[in-house]
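Written below as structure tokens is the structure these notes are about.
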Number of protein chains: 2
Amino acid sequence: MSRRSGILEFAVLGLLRESPMHGYELRKRLNTSLGVFRAFSYGTLYPCLKTLVANGWLIEEPGSAPEDALAASLAGRRAKIVYRLTAEGKEHFEELLSHTGPDTWEDEHFAARFAFFGQTEREVRMRVLEGRRSRLEERLEKMRASLTRTRERLDDYTLELQRHGMESVEREVRWLNELIESERAGRDQRRSPEAGAAQQDTSGDAGGLPRHRGTTPPDPSEDTK
Amino acid sequence: MSRRSGILEFAVLGLLRESPMHGYELRKRLNTSLGVFRAFSYGTLYPCLKTLVANGWLIEEPGSAPEDALAASLAGRRAKIVYRLTAEGKEHFEELLSHTGPDTWEDEHFAARFAFFGQTEREVRMRVLEGRRSRLEERLEKMRASLTRTRERLDDYTLELQRHGMESVEREVRWLNELIESERAGRDQRRSPEAGAAQQDTSGDAGGLPRHRGTTPPDPSEDTK
DNA sequence: AATTTCATGTAATTCGTTACATGATTCC
DNA sequence: GGAATCATGTAACGAATTACATGAAATT
């Protein structure tokens, strides 16, 4: 019963675990956190929220977000509905977090999982990263095979498309390698020089993400438009 | 009427334009030519073929592919159905090829378009490549904006996901730049040394694709499994 | 005052998959 | 003679979108 999309359900629970939110904001966060990979519309989100409530994983609260203190106190106007994770919901999410299946390695599932690595145990993180990597390696083999098999009949553009596709996958594999290495390093070097004092516990080098040069120059841009 | 998926219809027509084929083979080619990006199942393909036939763009022929000469000559056994593009179908495809809309720049549409660049006029190719590029640049701006806006509240993993996503997009932009440059170069240097004699007219350097080191080592692999 | 953005929802529709059903051909 | 692969389909279902409908709040 209630075998919903998985991905959306998972992401909603994950976001709400961090803090209660109403649908509209949820959607925005959804489309930036999972970024690039997935965008959901209201027509998908709101019905999903309903069923999550029906499952007892969320409760609806009348708008009580910080800025709404005033608005909420006023009479019977349609307040924002703020969704909050219940204890059962939290438990359920915990379960989802630790479980891995064959879907986990697919593009969108993986992105969703990764987005919540901050709340995932290292053991599971490793499983997910390695699973994803071998999934991609399978894919690469298939591509290589099909390239050598059908090489002659393909025109230059198709070939170029294929080549670029393969390079993308190879690039992701390298990325995963870095991440896996970092995770391993994080496990081995217990106590890092100044861990423990920082306020964000996944920051610093304790969590062990590789350092990258910022892709974003200061760029004080106006608005998204 | 009959506003089918677009992408599948387009790809089917494009593949059949090169040579007649039956459904099973069509699907395989579909899933390698468009590669990485899209995979269709029979449940999608066969009904689509039906409607294309109904539209008069394809005709069904009893199996007459090279290897089937014998099989086809035998009595009333269920032959493979080979699909062949009609004149109307060809015309329709031609139209699709030269038309560009807002969808054209999206991931899957673009991949499909690119896969048939060999049959596309250079002018249109340029339009598609440049359209895609500016689509991606829009995307980059949004990402940058959202990064600078919400920087503080995101944990390291989410940030890393975003960073990797952005790099992927930036990489594709560079790829497009190369391609666009090649196209332009191809336009200027009219008559290349030995154009005209080769059997594949999009091969050689006339089309002007950038040279890349082979990503595929010889690797004589068994089968795709 | 008007426009934009915030905010919530529903109904119809599109796109595509999974699972099923069937059978021929080829490989071992 | 049994397994794998080739080959064609259908019906039931699933996931998500679009378009619509509604209205409050903030901005200009």
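Each chain gets a letter, A, B and so on, in the order its sequence line appears, and its residues count up from 1.
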K50(B) side chain N/O closer than 4.0 Å to the phosphate oxygens (OP1, OP2) of dT10(D)?
-> yes
Residues in side-chain contact (heavy atoms from CB on, under 4.5 Å) with E91(A), at least two apart?
-> none
Can you list every pair that meets salt bridge (charged side-chain N to carboxylate O under 4.0 Å, His left out) and has a residue in residues 43-55 of chain A, with sequence neighbours left out?
-> none
When rounded to whole Å, the OH to C1' distance for the pair Y24(B) and dT22(C) reads 15 Å
To the nearest Å, how far apart are H22(A) NE2 and dG23(D) C1'?
-> 15 Å
Between C1' of dG14(D) and CG of D103(A), the distance in whole Å = 14 Å
Between dG9(D), dG9(C), dA7(D), which nucleotide gets closest to the side-chain atoms of I81(B)?
-> dG9(D)
Counterpart residues, ring-ring contact (aromatic ring centres under 6.0 Å, His included), relative to W175(A) (two or more places apart) = F114(A), H164(B)
Value rounded to 0.5 Å, distance of CG in L26(A) from CD1 in I81(A) | 12.5 Å
dT5(C) P sits how many Å from K80(A) NZ, rounded?
-> 16 Å
Who passes side-chain hydrogen bond (donor to acceptor under 3.5 Å, both in side chains) against S19(B), sequence neighbours left out?
-> none
In Å, rounded to the nearest 0.5 Å, how long is the span from CD of E170(B) to CZ of R139(B)?
-> 13.0 Å
Could you tell me the separation between the CG atom of N31(B) and the P atom of dC6(D), rounded to a whole number of Å?
-> 13 Å
What pairs with R27(A) under side-chain hydrogen bond (donor to acceptor under 3.5 Å, both in side chains), at least two apart in sequence or on another chain?
-> Y42(A)
What is the distance, rounded to the nearest whole Å, between atom CE of M21(B) and atom P of dA7(D)?
-> 12 Å
So which protein nitrogen or oxygen atoms get under 3.5 Å of nucleotides 17-19 of chain C's nitrogens or oxygens?
{"from": "dT17(C)", "atom 1": "OP1", "to": "A39(B)", "atom 2": "O", "distance (Å)": "2.6"}
{"from": "dT17(C)", "atom 1": "OP2", "to": "S41(B)", "atom 2": "N", "distance (Å)": "3.2"}
{"from": "dT17(C)", "atom 1": "OP2", "to": "S41(B)", "atom 2": "OG", "distance (Å)": "2.9"}
{"from": "dT17(C)", "atom 1": "OP2", "to": "T44(B)", "atom 2": "OG1", "distance (Å)": "2.3"}

The nucleotide from dT8(C), dC6(C), dT8(D) with an atom nearest the side chain of K28(A) is dC6(C)
E9(B) has an atom CD; how far is it from atom P of dT14(C), in whole Å?
-> 14 Å
Which whole-number value in Å describes the distance from E25(A) CD to dT5(C) C1'?
-> 14 Å
